[in-house]
Trainee: 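Sharing a structure with you now.
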Amino acid sequence: MENQESKTELNILIQRRLEELKELKEKNIEPFAYSYDVDSKSSEIKNSFVEDEKKDVKVAGRIMAIRRMGKASFAHIQDNYGRIQFYIKKDDIGEEAYSVFKLLDIGDIVGISGYVFKTKTGEVSIHTKELTLLSKSLRPIPIAKEETDEDGNKVVHDQFTDKELRYRQRYVDLIVNPEVKDVFVKRSKIITQLRKFMDNLGILEVETPILQSLYGGASARPFITHHNTLDMELYLRIADELYLKRLIVGGFDGVYEISKDFRNEGMDRTHNPEFTMLEVYVAYKDYEWMMEFVERMINDVCISVFGKTEFDIDGTEISFKAPWNRVSMVDEIEKETGVNVLEHDAEGLKAICKQRKIDIDGNENKGQLIDLLFEISVQDKLIQPTFLIDYPVELSPLAKPHRTRAGLVERFEGFVMGKEICNAFSELNDPIDQKQRFEDQTKMHEEGDDEAPNQVDEDYIRALEFGLPPTAGLGIGIDRLTMLLTNQPSIRDVILFPHMRPEKQVKE
RNA sequence: GGGCGCGUAGCUCAGUGGUAGAGCAUCUCCCUUUUAAGGAGAGGGUCCCUGGUUCGAGACCAGGCGCGCUCACCA
């Protein structure tokens, strides 16, 4: 069995590299070096090239292509900033050093010391004086080759495209697919800019528990874990909302957390079991203020990270420039369907749904039915950034009743391209109302809605009883925001290591 | 969970019932400004798994596993 395994092609390739490793050691070459004094970046060398200057540089990177021509060779290395070619000649570095070079492969990480020149075909390159092996690569990387066809278009051959392998072995994906790396650089910059924006406003970044004995702040099924010493069940948070508002009770004027949340639900293009949520709470503000806050913050991110507010998303021109559209949820539904949902109870809405052949299972409450009608008739039409405002109270157990419209709460969600990108409200700070709503939810849980919380968070009620100032709160899904701004089709394309079923075992 | 699709060399893929293929990668030789370098040669396969049909299965059938897309669920 073991022999069969060792006959595979991959194993032979690895075996070959192990032999090279041995030969290198016999030549007293350390194949896994300790450090290298890099003084240049590939991109800077190319951008700052001056003819005949012969500037000395030291760069390091992974060998991505080798073209050997007997006693001289060209190769490309790739560093964090791009690729650069180096030229290496036996006459320059000597027989022994050239024989070391011959033992190198695509994938090896090397340091190149030499001077910058331009080849006769015009490529800025490094004329190698000294080559240092920094890390021998034992496993062949999937090589993509690029050529430029007659029309000047870039054609990529043998690109590493298997999505499963790309997600499972993201390190390989990042090496060979540069545009993937760019998405994650953008993601990082988006988060950095969100932080800067809030920090500048004096909003304090905090950390709250991931392991919670009660879960709340959203409706979702939680992951359950166990604490051995306390011998009790703990939940991985589905939201950090209730903790952040406790901090507003405690006297902070503004807090935010960029939190990993966990929801034990289906996985698809827009759902990963763990995902990143920004939640912000600001005292003495309401949802009107928060809408302007979102406009300003997203504008700031667009300008700082992308240098623009107009985006081409799947062929549609989207403008994030403030102000965004604002439309009322129930008014829009009425506009599209002719139904004033506030005039009907749950039974009446069910009848309307059935009449219109909308698929329902009959257990929906009024809020869920309104939401259904919204999704069917309105949601897809919200293309340009739009705040959908004033939700039915049944859908929003943590939002404050609308100051003028009965049955509604002061809540908004931001939609772009028919997709939700944020959720916010004037926070409910009446402890008596809040307790009643929690109890209604717990009842829903008992009646079989396993996404409703299973018990009332009495401590949160106690906190409200001490007094929560008027507060505006906001949640933004960082993954989905990144998807939108970088035009990526799947949440897995903006999460470095998306959740996958476990591999049976790592091959070989 | 439903539907559709995919699974063949390290990578990208051909192969519609009759000897498992191509390009790149790998190995040997030649080649001191190449860039999908080039020339000559060589090696490399559990065709996802299990059963079935057949004289004969990579291909056809059934079941399974894995993955992708999509619908539903998930505010």
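Here is the naming used below: chain letters follow the sequence lines, and residue numbers restart at 1 for every chain.
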Trainee: Side chain of A:Ser490: nearest nucleotide among B:A75, B:C69, B:U12?
Mentor: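 Among the listed nucleotides, the one closest to the side chain of A:Ser490 is B:C69.
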
Trainee: Using 4.0 Å as the upper bound for N to carboxylate O, is an ion pair formed by A:Glu288 and A:Arg326?
Mentor: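 Judged by the 4.0 Å cut-off on N to carboxylate O distance, A:Arg326 and A:Glu288 do form a salt bridge.
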
Trainee: For the pair made of CZ in A:Phe74 and C1' in B:A36, what is the distance, rounded to whole Å?
Mentor: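 Value for this atom pair: 16 Å.
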
Trainee: Less than 3.5 Å apart, any donor N or O on the side chain of A:Thr270 or A:Lys419 sitting next to an acceptor on the other?
Mentor: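 Result is no, nothing qualifies.
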
Trainee: Side chains of A:Ser328 and A:Asp390 only: does a donor on one sit below 3.5 Å from an acceptor on the other?
Mentor: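 Note: A:Ser328 and A:Asp390 side chains miss the donor-acceptor criterion.
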
Trainee: Between A:Lys163 and B:C69, is there a side-chain N or O to OP1/OP2 distance below 4.0 Å?
Mentor: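 Indeed, a polar side-chain atom of A:Lys163 lies that close.
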
Trainee: Measure CZ/A:Arg68 against C1'/B:A40 and give the value in whole Å, please.
Mentor: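 Interatomic distance, CZ of A:Arg68 to C1' of B:A40: 18 Å.
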
Trainee: Determine the interatomic distance between C1' on B:G38 and the same-named atom on B:A20; round to the nearest Å.
Mentor: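 About 30 Å, rounded to a whole number of Å.
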
Trainee: With rounding to the closest Å, how many angstrom separate the P atoms on B:U46 and B:G1?
Mentor: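 It comes out at 31 Å once rounded to the nearest Å.
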
Trainee: Output yes when at least one side-chain N/O atom of A:Thr161 is less than 4.0 Å from OP1 or OP2 of B:U12, else no.
Mentor: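 So the side chain of A:Thr161 is within the cut-off, an N or O lying under 4.0 Å from OP1 or OP2 of B:U12.
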
Trainee: Would you indicate, yes or no, if B:U26 has its OP1 or OP2 atom less than 4.0 angstrom from a side-chain nitrogen or oxygen of A:Arg16?
Mentor: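 So the side chain of A:Arg16 is outside the cut-off, no N or O lying under 4.0 Å from OP1 or OP2 of B:U26.
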
Trainee: Going by heavy atoms closer than 4.0 Å, what residues in residues 82-94 of chain A are next to RNA chain B?
Mentor: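 Within residues 82-94 of chain A, the residues near RNA chain B are A:Gln85, A:Tyr87, A:Lys89, A:Asp91.
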
Trainee: Pick the closest RNA chain B nucleotide for A:Arg67 and for A:Arg269 by heavy atoms, then say which residue is nearer the 5' end.
Mentor: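 So the residue in question is A:Arg67.
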
Trainee: To the nearest Å, how far apart are A:Asp162 CG and B:G10 P?
Mentor: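 Value for this atom pair: 13 Å.
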
Trainee: Counting only Watson-Crick pairs (N1-N3 plus N6-O4 or O6-N4) and G-U wobbles (N1-O2, O6-N3), all under 3.5 Å, who is the partner of B:A9?
Mentor: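 Pairing partner, where one exists within any strand: none, as none qualifies.
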
Trainee: Measure from NZ or CZ of A:Arg480 to the centre of the six-membered ring of A:Phe275, then state whether that distance is under 6.0 Å and the direction lies within 45° of the axis.
Mentor: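 The answer is no, since A:Arg480 fails at least one limit relative to A:Phe275.
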
Trainee: Take atom CE of A:Met500 and atom C1' of B:C67, then tell me their distance rounded to the nearest Å.
Mentor: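 My rounded result for the distance is 7 Å.
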
Trainee: Measure from CD on A:Glu164 to C1' on B:C69 and round the result to the nearest Å.
Mentor: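 Spelled out: CD on A:Glu164 to C1' on B:C69 is 14 Å.
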
Trainee: Taking atom P of B:G10 as reference, at what distance in whole Å does atom CE of A:Met64 sit?
Mentor: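 Rounded to the whole Å, the gap is 19 Å.
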
Trainee: Are A:Lys136 and A:Asp105 close enough, and set up right, to give a salt bridge (charged side-chain N to carboxylate O under 4.0 Å, His left out), and what steps lead you there?
Mentor: CA-CA 8 Å; A:Lys136 181 72 185 157; A:Asp105 293 291; 2.7 Å; yes

Trainee: Minimum heavy-atom separation for A:His499 to A:Met267, with atom names?
Mentor: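 Here A:His499 and A:Met267 meet closest at O-CE, 3.5 Å.
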
Trainee: Expressed as a whole number of angstroms, how long is the span from A:Glu265:CD to B:G1:C1'?
Mentor: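 Roughly 15 Å, once rounded to whole Å.
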
Trainee: How many whole angstroms separate atom CG of A:Asp268 from atom P of B:C67?
Mentor: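 So the CG-P distance, A:Asp268 to B:C67, works out to 15 Å.
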
Trainee: Could you write out each protein N or O paired with an N or O of nucleotides 20-25 of chain B at a distance under 3.5 Å?
Mentor:
unit_1: B:G23; atom_1: N2; unit_2: A:Asp158; atom_2: OD1; d: 2.5
unit_1: B:G23; atom_1: N2; unit_2: A:Asp158; atom_2: OD2; d: 2.8
unit_1: B:C24; atom_1: O3'; unit_2: A:Lys145; atom_2: NZ; d: 3.4
unit_1: B:A25; atom_1: OP1; unit_2: A:Lys145; atom_2: NZ; d: 3.0

Trainee: When rounded to the nearest Å, what value does the distance between C1' atoms of B:U26 and B:G45 take?
Mentor: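 Going atom to atom, C1' in each nucleotide, I get 15 Å.
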
